[in-house]
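In what follows, a structure is listed as structure tokens, so that the remarks can point back to it.
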Amino acid sequence: TGDAADSSALLVDRSRSPRGPRAADWSQCEWGEQLGAGAFAQVWAVRLPPFGDVAAKVLREDQRGDRAAASDIAREASLVCRLCHPHVLHGLLAHDHPAHGTVLVLPRIACTLAQHFRPPTQRTPCDDWRLARDWPLRRVLLVGLQLASALDYLHEHALAEHHVLHRDLKPDNVGLLGERGPRGVP
């Protein structure tokens, strides 16, 4: 109908608020910089009340008229919003936005695993020292165990009616949330 009440309509809400579901206030949404892009979608920095600073995954503009692409991102949003594991990035909500189509709202990650590690040919001795300091063997093993736990959850518990296929599991798609460890990025 296009009225203001429609601007907070949710497809799925997984905000995990102890007070129950929260609707986003899209009239106060501030779109920031582009954080990343793939063949079909882009991820943008967004300030979205009441969630704060989050990431929003939307179809690329050239893909928005493609029904298959629109169906794929809507299905992805629905599935990602159902995930609940400490080391898997979950969707906060999915929204049918009039300008962007399906918007998948996700927590913002601090950085990716790949951003921590430069190729050896581009590293300096200071980089090597920083890596040894920031990534002692204990942390490397802990991150490995957290990733294994996340993969076990996705394969064995998360989506019983779906088969999970990892087409793009790589350091660029493993996000770090501060010191709390990795989160797989959808």
Side-chain angles (χ1 to χ4, degrees), residues 14 32-46 53-63 66 68-92 94 100-124 126-186:
R14 284 298 303 264
E33 66 181 322
Q34 183 176 323
L35 301 172
F40 295 98
Q42 300 168 323
V43 179
W44 295 85
V46 173
D53 292 330
V54 294
K57 184 174 184 176
V58 297
L59 282 179
R60 295 167 54 112
E61 196 169 333
D62 61 337
Q63 296 293 318
D66 183 332
S71 174
D72 285 350
I73 197 167
R75 183 173 46 253
E76 176 186 352
S78 175
L79 294 173
V80 169
C81 287
R82 292 171 42 197
L83 300 176
C84 185
H85 186 276
H87 305 300
V88 175
L89 195 67
H90 63 278
L92 296 172
H100 300 286
T102 298
V103 178
L104 173 57
V105 178
L106 303 157
R108 285 275 304 266
I109 60 171
C111 66
T112 66
L113 192 57
Q115 289 170 325
H116 269 280
F117 302 102
R118 289 190 211 157
T121 57
Q122 296 176 8
R123 287 199 310 250
T124 67
C126 289
D127 290 331
D128 290 337
W129 177 83
R130 181 188 54 81
L131 283 173
R133 183 197 68 211
D134 293 347
W135 287 89
L137 182 59
R138 175 179 160 80
R139 185 175 185 197
V140 170
L141 292 172
L142 179 63
V143 167
L145 289 171
Q146 291 171 341
L147 285 171
S149 174
L151 290 171
D152 176 65
Y153 167 75
L154 289 171
H155 282 279
E156 302 298 330
H157 309 288
L159 307 166
E161 69 278 10
H162 297 280
H163 296 285
V164 176
L165 173 66
H166 303 287
R167 298 182 317 171
D168 214 12
L169 183 60
K170 59 186 180 184
D172 281 325
N173 290 341
V174 175
L176 299 174
L177 298 173
E179 295 300 314
R180 294 184 299 191
R183 298 275 178 118
V185 180

Of all heavy-atom pairs between [X] and [Y], which one has the smallest distance, and what is that distance?
| X | Y | answer |
| --- | --- | --- |
| Leu92 | Leu106 | CD1-C, 4.0 Å |
| Leu59 | Gln63 | CD1-O, 3.8 Å |
| Tyr153 | Arg82 | OH-O, 4.2 Å |
| Ala158 | Leu83 | CB-CD2, 3.8 Å |
| Thr102 | Ala77 | CG2-CB, 4.0 Å |
| Thr112 | Pro171 | CB-O, 3.7 Å |

Does [X] reach the side chain of [Y], with side-chain heavy atoms less than 4.5 Å apart?
| X | Y | answer |
| --- | --- | --- |
| Leu169 | Leu151 | yes |
| Lys57 | Val80 | no |
| Phe40 | Ile73 | no |
| His90 | Pro107 | yes |

- Whether over 12 other heavy atoms sit under 6.0 Å from Gln34 CD: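 Correct, the count exceeds 12.
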
- Query: Crowded around Arg133 CZ? As in, over 12 foreign heavy atoms under 6.0 Å?
  - Reply: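 Yes - once you tally the heavy atoms of other residues, nucleotides and ligands closer than 6.0 Å, there are more than 12.
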
- Item | Intermediate values then yes/no, side-chain contact (heavy atoms from CB on, under 4.5 Å), Arg139 and Leu137 | CA-CA 5 Å; Arg139 185 175 185 197; Leu137 182 59; over 6 Å; no

- Query: Going from NE2 on His87 to CG on Leu145, what distance comes out if it is rounded to the nearest 0.5 angstrom?
  - Reply: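 These two atoms lie 9.5 Å from each other.
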
- Message: Distance check, rounded to the nearest 0.5 Å: Gln146 atom CD versus Leu176 atom CG?
- Response: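 It comes to 9.5 Å.
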
- Message: Applying the side-chain contact (heavy atoms from CB on, under 4.5 Å) criterion to Arg108, which one of Val46, Leu35, Val43 satisfies it?
- Response: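 Among Val46, Leu35, Val43, the one meeting side-chain contact (heavy atoms from CB on, under 4.5 Å) with Arg108 is Leu35.
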
- Does the pair Cys81 and Leu104 meet the rule for a side-chain contact (heavy atoms from CB on, under 4.5 Å), with working shown? CA-CA 8 Å; Cys81 287; Leu104 173 57; 3.9 Å; yes

